[in-house]
Amino acid sequence: MGAARLRVAIFSDSALPILNGVSVSLDVLVGELRHQGHSVHIFTARYPGYQDPDPNTYRCRAIETPISRGYPVSYPPFYRMLLKFRRHEFDVIHTHTPFMLGMVGFRWAESHGIPIVSTYHTLYDRYSHYFKLLPHRYVRFRIAKHTNFYYNHMDHVITPTEASLKWLRRHSVTAPVTVIPTGIPRGQMISRADARRSLGIAPDERIMLYVGRLAKEKNLGVLLEMVSLVFSQDRTQRLWLVGDGPYRDECIAMTRRLGIGDQVRFVGAVPRAEVDRFYAASDLFVFASITETQGLVVQEAMTYGLPAIAVAGGGASASIVDGVNGFIVKNDADAFAQMTLSVLHNDVLHARLSEQAQRSVRNQGVSQMCDEVVNVYRSVIQRKLELSKYASYAWAEARD
């Protein structure tokens with residue numbers, strides 16, 4: 001007989017159609033959990049104009065704030081969602097953010113006696129610049145305090161890389177932590193020629209690709225300075241940025257200031273299913289962010305044979321074996337540009353990196369990731385059961 005089917009409640013402030021590392025990781029995990037026969041219900045924030053194809057997704061009312069454009073923030077009361085939650089008997093709660101809905105999941109786990117797991121996806125104190133009315137150091141302090149409080153109240157914490165594990169330990173998180181990299185689904189079967197033709201890319205153009213939010217913490221200033229140096233030496237190169245965000249206007253202004261507007265394309269937000277076309281059509285993935293815990297987009301790019309050049313720091317560069325499937329550079333536009341040119345101008349090197357990029361992500365399967373997550377679920381369920389039995393035994397002993 002196979003292992004028992006689990007009933008999982010997932011709480012996240014971020015979910016599709018929002019495109020970021022949290023929502024993509026969540027979508028991958030939910031899909032594989034269901035594929036393995038588990039029941040999953042998602043509790044998340046309402047997104048304007050979006051209709052869920054998934055009947056097991058419950059959305060609570062939410063509003064956009066000046067510091068959360070494109071990211072609706074849920075707000076209480078949550079009574080109606082609680083009624084929906086209580087219609088089911090969940091075995092485990094899994095939160096993916098530590099904020100409003102993460103706190104709801106935490107409180108309901110406490111009040112209903114359900115074991116709780118949380119995934120630490122994001123280096124949250126690197127986002128303190130969004131709170132413009134408060135002192136920067138104070139915001140970072142409060143985020144650090146909340147990180148310590150929240151994750152130390154979890155039965156188990158999952159995080160995708162050793163870099164994010166170190167970050168948790170820096171915040172004095174002593175709860176059990178397991179490193180489980182997010183699995184990468186196999187790319188769609190899209191030919192490079194078809195992808196380039198559909199996107200209108202000329203045969204002699206080489207595309208450097210960035211996929212992600214256009215946000216200050218993504219270090220896009222260094223990226224744009226880098227490509228301006230590349231363009232000064234090779235006018236056939238192009239940079240395409242797939243994604244949107246609050247820093248878009250600043251990025252466009254910087255592009256104009258650098259005089260590189262003819263070679264940069266701001267594609268904007270693209271539905272997740274269509275991003276693969278851009279990977280398939282491009283020549284090199286370039287990534288400057290140092291705030292990632294894993295940098296899923298780097299690994300997604302590699303499934304299409306894109307070598308990656310990333311700035312050292314955070315978890316994104318952890319996917320790169322320097323000189324094997326890409327290169328890691330210091331946070332400097334000149335060094336970044338020189339390495340980029342050395343790859344784009346050396347066809348033999350590019351071909352070798354491309355082959356190794358595809359090989360390097362073959363073992364990062366979704367099924368393996370899900371198995372490891374389910375093992376964590378079962379361990380916390382078992383521990384909760386043992387503690388409950390011990391408490392009942394101790395109470396009976398005390399009565400006698």
In sequence, state the C-alpha distance, the side-chain angles, and the governing distance for His94 and Thr119, and then conclude on side-chain hydrogen bond (donor to acceptor under 3.5 Å, both in side chains). CA-CA 8 Å; His94 188 171; Thr119 296; 2.7 Å; yes

Going by atom types only, do [X] and [Y] share a side-chain donor-acceptor pair under 3.5 Å?
X: Asp125; Y: Ser128; answer: no
X: Gln36; Y: Asp371; answer: yes
X: Asp91; Y: Tyr377; answer: no
X: Glu217; Y: Thr291; answer: no
X: Thr122; Y: Tyr127; answer: no
X: Ser14; Y: His96; answer: no
X: Thr159; Y: Ser164; answer: yes

Step-by-step side chain to side chain contact (heavy atoms under 4.5 Å, CB included) determination, Leu224 to Leu239: CA-CA 9 Å; Leu224 291 171; Leu239 172 68; 4.0 Å; yes

Report the C-alpha separation of Met369 and Val28 in whole Å, then their side-chain angles, then the decisive distance to 0.1 Å, and conclude whether the side chain to side chain contact (heavy atoms under 4.5 Å, CB included) test is met. CA-CA 10 Å; Met369 171 206 69; Val28 170; 4.0 Å; yes

Short question: side chain of [X], backbone of [Y] - any donor-acceptor pair under 3.5 Å?
X: Asp155; Y: Ile116; result: yes
X: Thr161; Y: Gln294; result: no
X: Ser379; Y: Val376; result: yes
X: His350; Y: Asp283; result: yes
X: Arg196; Y: Ser282; result: no
X: His146; Y: Pro98; result: yes
X: Glu300; Y: Tyr279; result: no
X: Tyr124; Y: Ala144; result: no
X: Arg7; Y: His88; result: no
X: Ser354; Y: Gly305; result: yes

Honestly curious: do [X] and [Y] fall in one hydrophobic cluster under the side-chain, below-4.5 Å linking rule?
X: Val22; Y: Leu168; answer: no
X: Trp240; Y: Val230; answer: yes
X: Leu353; Y: Val286; answer: yes
X: Ile18; Y: Phe43; answer: no
X: Val373; Y: Ile381; answer: yes

When rounded to the nearest 0.5 angstrom, what is the spacing between [atom1] in [X] and [atom2] in [Y]?
X: Leu101; Y: Phe106; atom1: CG; atom2: CZ; value: 15.0 Å
X: Ile158; Y: His121; atom1: CD1; atom2: NE2; value: 8.5 Å
X: Met226; Y: Leu229; atom1: CE; atom2: CG; value: 9.0 Å
X: Thr293; Y: Leu165; atom1: OG1; atom2: CG; value: 12.0 Å
X: Ser289; Y: Arg213; atom1: OG; atom2: CZ; value: 10.5 Å
X: Met208; Y: Leu284; atom1: CE; atom2: CG; value: 7.5 Å

Evaluation steps, side chain to side chain contact (heavy atoms under 4.5 Å, CB included), between Ile114 and Trp108: CA-CA 8 Å; Ile114 302 171; Trp108 290 359; over 6 Å; no

Does anything in residues 241-264 pair up under side chain to side chain donor-acceptor pair (under 3.5 Å), and if so which pairs, sequence neighbours excluded? Arg235-Gln263

So side chain to side chain donor-acceptor pair (under 3.5 Å) across residues 314-328, not counting sequence neighbours, yields Asn325-Ser360

Taking all non-hydrogen atoms of both residues, which atom of [X] and which atom of [Y] are closest, and how far apart?
X: Thr174; Y: Arg169; value: CA-NH1, 3.7 Å
X: Cys60; Y: Ser74; value: SG-CB, 3.3 Å
X: Lys384; Y: Gly113; value: CE-O, 3.6 Å
X: Ala45; Y: Asp13; value: CB-O, 4.3 Å
X: Ile320; Y: Val298; value: CG1-CG1, 4.2 Å
X: Arg277; Y: Ser198; value: NH1-OG, 3.1 Å

Is any side-chain heavy atom of [Y] closer than 4.5 Å to one of [X]?
X: Val380; Y: Pro176; answer: no
X: His171; Y: Tyr150; answer: no
X: Leu349; Y: Phe327; answer: yes
X: Leu214; Y: Phe266; answer: yes
X: Tyr58; Y: Asp52; answer: no
X: Gln237; Y: Val227; answer: no
X: Leu33; Y: Leu6; answer: no
X: His136; Y: Arg140; answer: yes

Evaluate whether atom [atom1] of [X] has more than 12 neighbouring non-hydrogen atoms of other residues, nucleotides or ligands under 6.0 angstrom away.
X: His345; atom1: NE2; answer: yes
X: Tyr138; atom1: OH; answer: no
X: Lys216; atom1: NZ; answer: no
X: Leu83; atom1: CG; answer: yes

One pair to check against salt bridge (charged side-chain N to carboxylate O under 4.0 Å, His left out): Arg383 and Glu386. What are the steps and the verdict? CA-CA 5 Å; Arg383 186 165 184 271; Glu386 290 171 357; over 6 Å; no

For Tyr151, ring-ring contact (aromatic ring centres under 6.0 Å, His included) partners two or more places apart: Tyr120

Do Phe90 and Phe85 make the cut of ring centroids closer than 6.0 angstrom? yes

Show your reasoning for whether side chain to side chain contact (heavy atoms under 4.5 Å, CB included) applies to Phe99 and Val73. CA-CA 10 Å; Phe99 303 114; Val73 177; over 6 Å; no

